[in-house]
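Report on one structure; see the data block that follows.
Side chains are part of it too, since the values below use all heavy atoms of this structure and drop only hydrogens, waters and symmetry mates.
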Amino acid sequence: MESGGSKRRVVVVGGGIAGSILARSIQFNADLTLIDPKEYLEIKWAQLRSKVEPSFAERAVVNYRDFFSNGRIITSTAINITENEVLTADGQHIGYDYLVIATGHSDNVPVSKTERLHYYDAENQKIQSARSILIVGGGPSGVELAGEISTDFPDKKVTLVHKGPRLLEYIGPKASDKGLSLLRSKKVDVKLQQSVDLKSASDGSQLYRTSTGESIKADCHFLCTRVPLSTAWLNETILKTNLDKDGRLKVDEYLRVKGRSNIFAIGDITDVPELKLGHAAIHHAYLVAKNLKLLMGGGKESKMSVYKPGPEVAMVSLGRKHAVAQFPFATVGGRIPGLIKSGDMFVGRTRKNLGLEP
């Protein structure tokens with residue numbers, strides 16, 4: 001409950017899509033602090049389009065102040081949590097009444113939007129200047145990047161190497177098959193059940209050796225393997241016993257950390273049994289925003305909203321017109337799912353969620 005007319009202190013750690021949507025949603029209901037090591041939100045499902053079209057990043061990289069005007073932004077990293085404070089790497093102690101952990105994955109990215117846009121210019125130049133390109137990793141990032149490059153630069157030789165038995169292993173085999181078929185139709189050379197020794201080309205030979213002894217010639221490579229969760233730091237905090245074996249925070253039906261009445265977790269770092277996708281993270285953010293408003297307004301815990309995972313829908317773009325979509329009732333590949341995602345990569349819709357022009 002609010003006391004003496006003052007607003008309750010809410011600290012959000014992590015400014016990915018979940019943390020950003022939450023911060024925007026409650027900024028006028030709380031004394032709010034957002035902690036993140038960078039100054040912007042990046043709409044992650046647009047990252048691979050931005051590599052082939054750097055101007056696309058102008059809309060997909062958004063400064064926090066463009067949508068979060070009523071609260072503090074601390075550009076630093078959270079390093080510890082106590083019962084009532086968050087400690088940051090630059091030595092600040094930020095008190096809280098309610099805490100939301102939304103740290104997502106450990107991305108090594110620059111602090112400013114300008115630097116991030118320069119990164120995409122450099123990545124694009126790397127693609128433009130290469131005749132042959134090696135992509136390591138056949139998850140969604142590797143598959144989407146192969147689709148983007150083969151669509152926009154059809155004359156380039158693209159090779160994708162994946163150590164698993166099929167692409168897109170986080171979804172069903174039908175989607176994997178359709179993704180493989182679409183990439184091969186775009187002349188991408190896909191090699192499964194192989195790994196690559198990236199050091200093998202360090203002698204300047206531009207020859208990369210695989211685990212089967214094969215050599216792949218490539219002018220450059222892109223590493224598209226899984227990025228770890230950003231939760232290791234919690235092992236030194238009061239939440240160390242709340243992490244599961246995969247490093248995810250155990251949450252209850254209200255997305256509160258189990259056993260904690262005033263600490264919530266949202267996004268990919270939760271142990272909710274569902275595909276870890278952007279639309280789920282956005283759903284988390286809106287639900288916790290609703291629950292926080294209720295609690296801060298003096299509402300009863302029994303009135304809080306319960307999180308229920310939605311139908312499992314996954315979409316992987318393969319260039320500007322094609323995609324693979326897995327719905328609960330069917331798996332579809334080609335232009336029809338491409339019409340849903342591949343044109344704008346959901347950037348306009350996401351910007352609307354932030355109260356911005358599409």
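- In this structure, Arg59 pairs ionically with Asp344, as a charged nitrogen and a carboxylate oxygen lie closer than 4.0 Å.
- There is no side-chain donor-acceptor pair under 3.5 Å between Gln125 and Tyr120.
- Hydrophobic clustering of Ile, Leu, Val, Met, Phe, Trp and Tyr side chains at less than 4.5 Å, counting indirect connections, unites Val324 with Leu192.
- Membership of the apolar cluster around Ile81 extends to Val11, Val13, Ile35, Ile74, Val86, Ile94, Tyr96, Leu99, Ile101, Leu229, Trp233, Leu234, Ile238, Leu239, Leu243, Leu249, Val257, Ile263, Ile269, as traced through chained side-chain contacts below 4.5 Å between ILVMFWY residues.
- For the pair Ser112 and Arg116, the minimum side-chain heavy-atom distance is 4.5 Å or more.
- Using a 4.0 Å cut-off between charged nitrogen and carboxylate oxygen, Asp155 and Arg131 do not count as a salt-bridge pair.
- Put simply, the side chain of Asn262 never gets that close to the backbone of Tyr98: no donor and acceptor are under 3.5 Å apart.
- Salt-bridge check for Arg248 with Asp244: failed, with every basic side-chain N at 4.0 Å or more from each acidic carboxylate O.
- Sorted by first and then second residue, the ring-ring contact (aromatic ring centres under 6.0 Å, His included) pairs involving residues 169-204 (not counting sequence neighbours) form an empty list.
- Within the 3.5 Å criterion, the main-chain N or O of Asp152 finds no donor-acceptor partner in the side chain of Lys156.
- Closest of all the heavy-atom pairs between Val111 and Pro37 is CG2-O, 3.7 Å.
- A donor and an acceptor atom, one from each side chain of His162 and Glu169, are located under 3.5 Å apart.
- You'll find the side chain of Ile340 reaches within 4.5 Å of the side chain of Phe346, heavy atoms only.
- In terms of heavy atoms, Arg49 sits closest to Arg320 at NH2-CA, 3.6 Å.
- Side chain of Asn235 to backbone of Ala232: a donor-acceptor contact under 3.5 angstrom is found.
- Here the shortest heavy-atom pairing between Ile171 and Ala314 reads CG2-CB, 3.7 Å.
- The hydrophobic clustering, which links ILVMFWY residues whose side-chain heavy atoms are closer than 4.5 Å, places Val12 and Tyr286 together.
- In this structure, Ser317 and Met345 have side chains that are in contact, with non-hydrogen atoms separated by less than 4.5 Å.
- A 6.0 Å sphere centred on NZ of Lys293 holds more than 12 heavy atoms belonging to other residues, nucleotides or ligands.
- Note on Lys157 versus Asp189: salt bridge recorded, some NZ/NE/NH1/NH2 to OD/OE distance being below 4.0 Å.
- Note on Asp97 versus Arg8: salt bridge recorded, some NZ/NE/NH1/NH2 to OD/OE distance being below 4.0 Å.
- Between the Ser200 side chain and the Arg209 main chain, a donor and an acceptor come within less than 3.5 Å of each other.
- Looking only at distances, a side-chain donor or acceptor of Gln27 sits under 3.5 Å from a matching main-chain atom of Ser69.
- Seen from the ring of Phe67, Arg24 does not count as a face-on cation partner, given the 6.0 Å and 45° thresholds.
- Looking at Arg9 and Glu85, no side-chain N of the basic residue comes within less than 4.0 Å of a carboxylate O on the acidic one, giving no salt bridge.
- Salt bridge Lys38/Glu115: absent, no basic N to carboxylate O contact under 4.0 Å.
- Between Phe264 and His284, the ring centre distance reaches or exceeds 6.0 Å.
- You'll find the side chain of Val347 stays beyond 4.5 Å of the side chain of Arg349, heavy atoms only.
- Between Lys113 and Glu39, none of the side-chain N atoms (NZ, or NE/NH1/NH2) sits under 4.0 Å from a carboxylate O, so this pair counts as no salt bridge.
- At a threshold of 4.5 Å between non-hydrogen side-chain atoms, the residues Leu318 and Glu144 do not count as touching.
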Inset, instruction - Please lay out, stage by stage, how Arg351 and Glu357 fare under the test salt bridge (Lys or Arg N to Asp or Glu O under 4.0 Å). - result: CA-CA 6 Å; Arg351 287 176 61 88; Glu357 289 291 320; over 6 Å; no

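- Annotation for Leu198: hydrophobic cluster partners, listed by chain and number, are Leu134, Val136, Val161, Val196, Tyr208, Ile216, Leu223 (ILVMFWY side-chain heavy atoms under 4.5 Å, direct or chained).
- Here the side chains of Leu294 and Met304 are in contact, with some heavy-atom distance below 4.5 Å.
- No donor-acceptor pair under 3.5 Å is formed between the side chain of Thr77 and the backbone N or O of Ala89.
- Under a hydrophobic-cluster definition in which Ile, Leu, Val, Met, Phe, Trp and Tyr are linked whenever side-chain heavy atoms come within less than 4.5 Å, directly or via other members, Val143 and Leu275 are assigned to the same cluster.
- The side-chain heavy atoms of Glu301 and Arg256, taken from C-beta on, include a pair separated by under 4.5 Å.
- Both Leu145 and Phe153 belong to a common hydrophobic cluster when Ile, Leu, Val, Met, Phe, Trp and Tyr are linked at side-chain heavy-atom distances under 4.5 angstrom.
- Within the model, atoms CD1 of Ile43 and CH2 of Trp45 stand 7.0 Å from one another, a figure rounded to the nearest 0.5 Å.
- Residues Ser230 and His105 fail the side-chain proximity criterion, which asks for heavy atoms closer than 4.5 Å.
- With Asn63 contributing its side chain and Asp66 its backbone, the two residues share no donor-acceptor pair below 3.5 Å.
- Ion pair Glu148/Lys186 not flagged as a salt bridge, since none of the NZ, NE, NH1 or NH2 atoms sits closer than 4.0 Å to an Asp/Glu carboxylate oxygen.
- Asn124 places a side-chain N or O within 3.5 Å of a backbone atom of Val52 that can act as its donor or acceptor partner.
- Ion pair Asp177/Arg166 not flagged as a salt bridge, since none of the NZ, NE, NH1 or NH2 atoms sits closer than 4.0 Å to an Asp/Glu carboxylate oxygen.
- Placement of Ile149 and Leu48 within a single hydrophobic cluster is found when ILVMFWY residues are connected by side-chain heavy-atom separations under 4.5 Å, directly or transitively.
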